[in-house]
A.B. asks: 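There's a structure below that I have some questions on.
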Amino acid sequence: MSFTDLLARPREADTSGTTSDSGLPVVWHVIVDIPFANWTLRRTGVTLEDAAEDLRLRSARLARAQAVLATLRRVSGSDDWQVSITQHGIRAERDGEPFERLDQELADAGFTADDFIVHVEYARSWGML
């Protein structure tokens, strides 16, 4: 099969996470980013009321991030995600997750595009050429 034939071939859905559209073995690396709100960590000269409101908003955002992580665990059926937390947000990564349904299931659970971003990377399972 030529490269042109592969491009002309209709795309088929593959939920196994183990093959590409061309049928070649790949490893899907799914990344779910849960961004924190666009706030600065340091604020000076604020009133007590402003500080209390800032903490309330931060707590609500952290609770939402926690809910996304819990839902991610439930819908993926796995807890071998590699998670990192920075001042910008939370990143959960996993190989082999069927990413096509992940985005939809998180949206069906009531989360919005502000709550999470799904990225996908892949590598040929036999390694780099």
A.B. asks: Same cluster for I34 and L57 if Ile/Leu/Val/Met/Phe/Trp/Tyr side chains link at under 4.5 Å?
C.D. replies: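 The answer is no; the residues belong to distinct hydrophobic clusters.
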A.B. asks: Go through the steps for L69 and I90 under the test side chain to side chain contact (heavy atoms under 4.5 Å, CB included), then give the verdict.
C.D. replies: CA-CA 9 Å; L69 287 175; I90 300 169; 4.1 Å; yes
A.B. asks: Minimum heavy-atom separation for D114 and P35, please, with both atom names.
C.D. replies: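 Shortest heavy-atom contact: O-CG, 3.9 Å.
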A.B. asks: Taking I117 as the starting point, is it possible to reach V30 by hopping between hydrophobic residues whose side chains are less than 4.5 Å apart?
C.D. replies: no
A.B. asks: Grab the two heavy atoms, one from R73 and one from S78, that are nearest each other, plus how far apart they are.
C.D. replies: CD-O, 3.2 Å
A.B. asks: Are F111 and V83 joined in one hydrophobic group, where the rule is that I, L, V, M, F, W and Y side chains link up if heavy atoms are under 4.5 Å apart?
C.D. replies: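 Hydrophobic grouping puts F111 with V83.
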A.B. asks: Compare every heavy atom of L106 with every heavy atom of V68, then report the nearest pair and how far apart it is.
C.D. replies: O-CD2, 4.3 Å
A.B. asks: Under the rule for salt bridge (Lys or Arg N to Asp or Glu O under 4.0 Å), what residues qualify as partners of E53, not counting sequence neighbours?
C.D. replies: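 E53 satisfies salt bridge (Lys or Arg N to Asp or Glu O under 4.0 Å) with R56 once adjacent residues are dropped.
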A.B. asks: Measuring from atom CD1 of I31 to atom CH2 of W81, what distance do you get when rounded to the nearest 0.5 angstrom?
C.D. replies: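 Between atom CD1 of I31 and atom CH2 of W81 there are 10.0 Å.
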A.B. asks: How far does CD of E93 sit from CG of D80, to the nearest 0.5 angstrom?
C.D. replies: 12.0 Å
A.B. asks: Between the side chain of R91 and the main-chain N/O of T86, is any donor-acceptor distance below 3.5 Å?
C.D. replies: no
A.B. asks: Could you state the interatomic distance from CG (D108) to CG (D103), rounded to the nearest 0.5 Å?
C.D. replies: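 So the gap between those two atoms works out to 9.5 Å.
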A.B. asks: Do you know the tightest heavy-atom contact between A107 and F116?
C.D. replies: N-CZ, 4.1 Å
A.B. asks: Quick one: do L72 and L102 satisfy side chain to side chain contact (heavy atoms under 4.5 Å, CB included)? Show the steps, please.
C.D. replies: CA-CA 8 Å; L72 185 62; L102 190 61; 3.6 Å; yes
A.B. asks: Test: salt bridge (charged side-chain N to carboxylate O under 4.0 Å, His left out). Region: residues 61-72. Which pairs qualify, not counting sequence neighbours?
C.D. replies: R61-D115, R64-D115
